[in-house]
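Below is one structure, written out as structure tokens; the observations come after it.
Sequence lines set the chain letters: A, B, ... in the order given, protein chains first and strands last, and positions in each chain run from 1. Side-chain atoms are counted along with the backbone in the values below, which use heavy atoms only and exclude waters and symmetry mates.
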2 protein chains.
Amino acid sequence: MMVGMADTRQRLIHGAIATLRERGITGTSARTIAATAGVNQALVFYHFGSVPELLKQACLTATEFRVAPFLARMEQVRSLRELLDLGREIHAEERAAGNVTVRAQFLAGAHADPELAEATAAALRLWIEPLERTLERLLSDSPVAEPADVHGIARAVAAAFIGLELFEGVDPEGGRAALDALERLAVLAEVVDELGPVARRALRARLRRSR
Amino acid sequence: MMVGMADTRQRLIHGAIATLRERGITGTSARTIAATAGVNQALVFYHFGSVPELLKQACLTATEFRVAPFLARMEQVRSLRELLDLGREIHAEERAAGNVTVRAQFLAGAHADPELAEATAAALRLWIEPLERTLERLLSDSPVAEPADVHGIARAVAAAFIGLELFEGVDPEGGRAALDALERLAVLAEVVDELGPVARRALRARLRRSR
DNA sequence: GTCTATACAACGATAGAC
DNA sequence: GTCTATCGTTGTATAGAC
């Protein structure tokens with residue numbers, strides 16, 4: 001019946017993520033995924049056609065699942081400080097759940113597989129687009145960002161977190177130091193937002209001049 | 001004779017990097033590396049013992065080679081603006097040389113192999129330590145950074161570039177937008193450095209308060 | 001040091017019974 | 001839909017001739 005099939009597909013998707021997390025991209029195969037999922041190896045090909053195709057679907061599905069609980073909280077953020085706190089919380093939870101490792105495997109695998117690259121980009125957009133909407137709201141009258149810049153700032157923030165995640169993977173102490181430094185620098189933006197009108201106008205002019 | 005051996009080792013190291021660049025970590029094996037290097041497959045094991053061991057050595061050697069030409073220029077940098085320009089230039093050259101892809105493969109592979117993680121961290125330190133010395137020099141009297149922060153800022157900058165590199169791999173347009181945004185934000189630090197003494201003292205106090 | 005040849009494990013993928 | 005059985009390929013690694 002239908003339920004069995006849907007269940008097997010889900011088990012394989014979940015098994016793919018778990019295998020990527022525990023054994024890395026080099027240790028991920030139809031056999032190891034099926035063993036983790038507790039199903040037969042041939043079912044990978046019956047349901048998904050190939051291993052890369054399964055990985056593509058797993059990439060998107062798993063991210064949707066992870067982003068969902070944070071969407072409402074992003075909409076309620078009222079200051080850069082609050083956004084920073086939420087970002088730190090998301091970062092800690094993603095790391096604890098092992099999703100940082102999985103993201104690294106997808107980003108690396110994407111270089112050799114254009115379709116996986118597109119799936120990875122789509123998964124990242126699930127994080128970036130809500131972030132962009134939040135930044136639009138918070139920076140609407142800040143001298144730091146022209147409206148057109150928010151698109152780039154959202155992607156820069158996402159890229160910085162991705163880099164931090166990977167850097168932590170090879171140098172945990174360095175990663176912590178980097179995160180601390182980023183948080184201190186973020187205070188700069190907050191300070192700017194507390195400036196008086198004269199200083200704001202001067203800063204805005206100075207920034208305009210330099211682009 | 002000795003020359004032949006050294007030559008074969010170098011060919012294998014160069015072949016390992018090229019294979020990683022062209023076929024990704026999943027397509028990198030003793031056979032594919034040897035084919036790229038134009039030597040026999042068995043020599044991978046004779047000279048390095050195993051494929052991961054060859055990759056470790058390739059990671060360090062290749063980075064040393066890439067960093068060297070930029071060391072002198074880092075020491076001559078006299079402002080944040082100049083440092084940013086140099087960073088953009090390094091970024092462009094590294095990408096053109098295909099080293100971004102290679103770094104992604106190492107960072108991902110590091111999650112499954114602690115020894116490769118240590119080699120990757122050591123390779124990144126080759127970039128980070130000169131950067132840290134440069135920042136120490138430039139930010140010695142800036143209100144943006146306490147002396148103790150420079151360690152973290154250098155690693156945050158490195159992490160941000162790593163993230164940017166990987167993000168570009170899955171979303172080139174987004175990567176460009178992020179780089180543009182980072183450059184505009186970097187102007188903020190420059191503006192701060194041009195403040196008068198009163199404003200500097202106020203900012204320094206405000207930043208101290210928030211850490 | 002380098003080569004050929006080979007052992008053996010794990011891989012992707014499919015055919016066919018159930 | 002799921003299983004067993006199996007094909008051919010590719011992987012690591014080693015032994016032994018040169």
Side-chain angles (χ1 to χ4, degrees), chain A residues 1-59 61 105-106 108-109 112-116 119, chain B residues 1-59 61 105-106 108-109 112-116 119:
Chain A
M1 52 181 161
M2 276 295 197
V3 173
M5 163 179 164
D7 188 54
T8 297
R9 285 181 66 95
Q10 276 200 339
R11 289 175 72 89
L12 281 170
I13 285 177
H14 181 265
I17 298 292
T19 307
L20 236 26
R21 174 165 53 237
E22 286 149 29
R23 316 193 26 168
I25 187 106
T26 55
T28 297
S29 68
R31 289 179 208 267
T32 55
I33 292 170
T36 306
V39 305
N40 190 279
Q41 169 258 154
L43 295 175
V44 168
F45 303 95
Y46 177 77
H47 284 290
F48 297 93
S50 71
V51 173
E53 192 62 31
L54 165 55
L55 293 182
K56 265 174 57 186
Q57 303 223 11
C59 178
T61 309
Q105 306 310 309
F106 279 122
D113 181 342
E115 291 193 13
L116 193 54
Chain B
M1 50 181 161
M2 274 294 194
V3 173
M5 164 179 163
D7 188 55
T8 297
R9 286 182 65 97
Q10 276 201 339
R11 290 175 71 89
L12 281 170
I13 286 177
H14 182 265
I17 298 291
T19 308
L20 235 26
R21 174 167 53 236
E22 285 150 28
R23 316 192 28 166
I25 186 103
T26 55
T28 296
S29 68
R31 287 185 209 267
T32 56
I33 292 170
T36 306
V39 304
N40 190 280
Q41 169 258 155
L43 295 176
V44 169
F45 303 96
Y46 177 78
H47 285 290
F48 298 94
S50 71
V51 174
E53 192 61 31
L54 165 55
L55 293 182
K56 264 175 57 186
Q57 303 222 13
C59 178
T61 309
Q105 306 308 311
F106 279 122
D113 182 341
E115 290 193 14
L116 193 54

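- Atom pair A:Leu43:CG and C:dA15:P shows a separation of 16 Å (rounding to whole Å applied).
- In this structure the side chain of B:Tyr46 never reaches within 4.5 angstrom of the side chain of B:Asn40, judged on heavy atoms.
- Heavy atoms of A:Thr32 sit under 4.0 angstrom from primed sugar atoms or phosphate atoms, though from no base atom.
- Atom P of nucleotide D:dG1 and atom CG of A:Asp7 are separated by 12 Å, given to the nearest angstrom.
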Margin query: Walk me through whether B:Phe48 and B:Ile13 qualify under side-chain contact (heavy atoms from CB on, under 4.5 Å).
Written below: CA-CA 10 Å; B:Phe48 298 94; B:Ile13 286 177; 3.9 Å; yes
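- Residues B:Thr19 and B:Thr36 bring a donor and an acceptor atom of their side chains to less than 3.5 Å of each other.
- If you measure from atom NE2 of B:His47 to atom C1' of C:dC3, you get 12 Å, rounded to the nearest angstrom.
- At the phosphate of C:dT2, OP1 or OP2 sits under 4.0 Å from a side-chain N or O atom of B:Thr8.
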Quick tally for nucleotides 12-18 of chain D: nucleotides whose base has a protein heavy atom under 4.0 Å get B, sugar-phosphate-only ones S, the rest -, giving BBB----
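- A side-chain donor-acceptor contact under 3.5 Å links B:Gln105 to the backbone of B:Ile25.
- Atoms CD1 (B:Ile33) and P (D:dG11) sit 10 Å apart, rounded to a whole Å.
- The shortest side-chain heavy-atom distance between B:Thr28 and B:Leu55 falls under the 4.5 Å cut-off.
- The number of heavy atoms from other shown groups lying within 6.0 Å of NE2 (A:His47) is above 12.
- Following rounding to the nearest Å, B:Phe48 (CZ) and C:dG1 (P) show an atom-to-atom distance of 12 Å.
- Distance CG (B:Asn40) to P (C:dA5): 11 Å, rounded to an integer number of Å.
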